[in-house]
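Report on the following structure.
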Amino acid sequence: MPELPEVETIARTLAPRILGRRILEARFYSSLVAGGAAKELRRRVAGRKIAAVRRHGKFLLLDLDGETLSIHLGMTGRLLWGAVRGPYTRAEFLLDGGLLLYDDVRQFGRIELAGRTAALGPDALAIGESAFVDLLRTRRGRIKPLLLNQGLLCGIGNIYADEALFRARIHPLASAKRLSAARARRLHAAIQASLAAAIASGGSSISDYVDSEGRQGTFQLQHRVYGKAGEPCPACGTAIRRIVVAQRGTHYCPKCQRP
DNA sequence: ATTACTACCTGACAGC
DNA sequence: TGCTGTCAGGTAGTAA
């Protein structure tokens with residue numbers, strides 16, 4: 001579910017609620033969430049104060065004094081402040097002044113102590129134009145799988161890959177290294193624009209995503225191709241096509257995004 | 001290095 | 001009402 005704009009929105013809504021608060025206790029209701037290390041995690045976070053709320057790619061990072069808690073929401077993870085425990089609550093953090101819930105229907109998300117979370121590329125919102133152009137030049141594969149590869153560039157998922165490629169008018173199967181410098185720069189700008197617009201709308205809510213206050217995002221109302229197979233392209237009216245790339249549903253306009 | 005396929009887990013929805 | 005198959009904002013592991 002959550003890509004960079006959704007995690008960014010959660011970080012922004014959560015920060016004013018939890019910054020400076022102390023974790024009194026962590027509780028786990030599913031053995032999957034902490035990847036088998038629930039006991040150690042409980043011990044290591046208890047009593048620590050939340051000094052910072054950060055995001056890197058799709059990871060939400062809580063800096064405690066001496067530790068960093070790393071939270072990845074998988075497909076259906078939610079971090080909720082002031083909500084009531086439900087059937088999908090997999091973990092909770094009792095803070096001095098409130099309860100932070102971690103709900104996750106499909107349980108693809110993970111909460112762990114940072115340290116192992118290294119092999120990530122630069123954040124998609126932070127990478128500069130020239131570094132991005134260089135990144136594309138050094139790769140042999142197709143552009144969409146590259147955008148989804150968190151080890152090269154992190155934060156972009158299936159929605160924003162499709163949306164950015166459409167805005168840049170680049171076919172998802174185009175060879176990354178054979179893109180002209182002008183097209184690579186256009187893609188960089190399209191990524192920045194897509195992510196910024198999504199953050200401004202509080203993210204995309206397709207089925208599960210809500211921010212830490214339980215509010216849905218509205219950027220799904222501005223999607224141009226994602227989930228719009230068969231509908232007319234907003235630029236030229238041609239029917240949006242859906243293919244499978246890197247095992248993910250991929251939406252594009254066959255006229256605006258020529259191979 | 002890159003791609004393909006499977007697996008993880010649960011729910012929604014379409015079709016029979 | 002079931003049952004079956006497909007799909008879903010995620011990633012990891014293995015094989016080719």
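This is a predicted model, so every value here is computed, not measured. Residue numbers begin at 1 in each chain, while the letters A, B, ... track the order of the sequences.
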Got a donor-acceptor pair under 3.5 Å from the side chain of A/Arg139 to the base of B/dA1?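 Side chain to base: no pair present.
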Please report the distance separating the [atom1] of [N] from the corresponding atom of [M], rounded so that it comes out in whole Å.
| N | M | atom1 | result |
| --- | --- | --- | --- |
| B/dT10 | C/dT1 | P | 23 Å |
| C/dT6 | B/dC5 | P | 15 Å |
| C/dC3 | B/dC8 | P | 22 Å |

Looking at side-chain heavy atoms only, is the closest gap between A/Phe59 and A/Cys154 below 4.5 Å?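 In short, these two side chains do not touch, never coming nearer than 4.5 Å.
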Student check: side-chain heavy atoms of A/Ile71 and A/Val7 closer than 4.5 Å: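 A/Ile71 does not reach A/Val7 side chain to side chain.
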Can you tell me which residue pairs pass the ring-ring contact (aromatic ring centres under 6.0 Å, His included) test with a partner in residues 240-259 of chain A, sequence neighbours excluded?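 Every pair satisfying ring-ring contact (aromatic ring centres under 6.0 Å, His included) with a residue in residues 240-259 of chain A: A/His171-A/Tyr252, A/Tyr226-A/His251.
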At under 4.0 Å between heavy atoms, what does [X] touch on the DNA or RNA strands: base, sugar-phosphate, or nothing?
| X | value |
| --- | --- |
| A/Arg110 | nothing |
| A/Tyr160 | nothing |
| A/Gln247 | base |

Expressed in angstrom and rounded to an integer, what is the separation of [X] atom [atom1] from [N] atom [atom2]?
| X | N | atom1 | atom2 | result |
| --- | --- | --- | --- | --- |
| A/Ile159 | C/dC7 | CD1 | P | 17 Å |
| A/Leu152 | B/dA1 | CG | P | 10 Å |
| A/Asn149 | B/dT2 | CG | C1' | 10 Å |
| A/Leu135 | B/dT2 | CG | P | 10 Å |
| A/Leu120 | C/dT11 | CG | P | 9 Å |
| A/Phe108 | C/dG13 | CZ | P | 15 Å |
| A/Asp103 | B/dG11 | CG | C1' | 15 Å |
| A/Tyr88 | B/dA12 | OH | C1' | 11 Å |

Check whether any side-chain N or O of A/Arg242 sits under 4.0 Å from OP1 or OP2 of C/dA8, and answer yes or no.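 Checking C/dA8 against A/Arg242, a side-chain N or O does come within under 4.0 Å of OP1 or OP2.
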Just N and O in the side chain of A/Gln150: are any of them under 4.0 Å from OP1 or OP2 of C/dT11?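 Checking A/Gln150 against C/dT11: at least one side-chain N or O falls below 4.0 Å of OP1 or OP2.
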Please work out which of the three classes, parallel, tilted or perpendicular, describes the rings of A/Phe28 and A/Phe93, given edges at 30° and 60°.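 Judged by the thresholds at 30° and 60°, the geometry between A/Phe93 and A/Phe28 is perpendicular.
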Using a cut-off of 6.0 Å, state whether more than 12 heavy atoms not belonging to A/Lys177 lie near its atom NZ.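 Enclosed: over 12 neighbouring heavy atoms sit under 6.0 Å from NZ of A/Lys177.
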Taking atom CZ as the centre, does A/Arg241 end up with more than 12 heavy-atom neighbours from other residues, nucleotides or ligands that are less than 6.0 angstrom away?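 For A/Arg241, atom CZ is not crowded (no more than 12 foreign heavy atoms under 6.0 Å).
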Name the stems with DNA chain C in them: runs of three or more consecutive Watson-Crick or G-U pairs, distances under 3.5 Å?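 So the stems come out as B:2-8 with C:10-16, B:10-16 with C:2-8.
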Partner of A/Glu213 by salt bridge (Lys or Arg N to Asp or Glu O under 4.0 Å), out of A/Arg78, A/Arg12, A/Arg17: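 One option only clears the test, and that one is A/Arg17.
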Carboxylate-amine/guanidinium contact A/Glu3 A/Lys58, below 4.0 Å: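 Salt bridge: no.
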State whether A/Glu25 and A/Arg42 are salt-bridged, where the test is any N-O pair (Lys NZ or Arg NE/NH1/NH2 against Asp/Glu carboxylate O) under 4.0 Å.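 Here A/Glu25 pairs with A/Arg42 in a salt bridge, since their nearest N and O are under 4.0 Å apart.
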In terms of side-chain heavy atoms of [X], which of [options] is nearest?
| X | options | result |
| --- | --- | --- |
| A/Arg142 | B/dA4, B/dG11, B/dC9 | B/dA4 |
| A/Lys58 | B/dT3, C/dT11, B/dC9 | C/dT11 |
| A/Arg140 | B/dT10, B/dT3, B/dT2 | B/dT2 |

A/Ser194 side chain to A/Tyr160 main-chain N or O, any donor-acceptor pair under 3.5 Å?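 No, because the side chain of A/Ser194 does not come within donor-acceptor range (under 3.5 Å) of the backbone of A/Tyr160.
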Those residues of residues 30-37 of chain A lying under 4.0 Å from DNA chain C by at least one heavy atom: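 Hits under 4.0 Å, by residue number: none.
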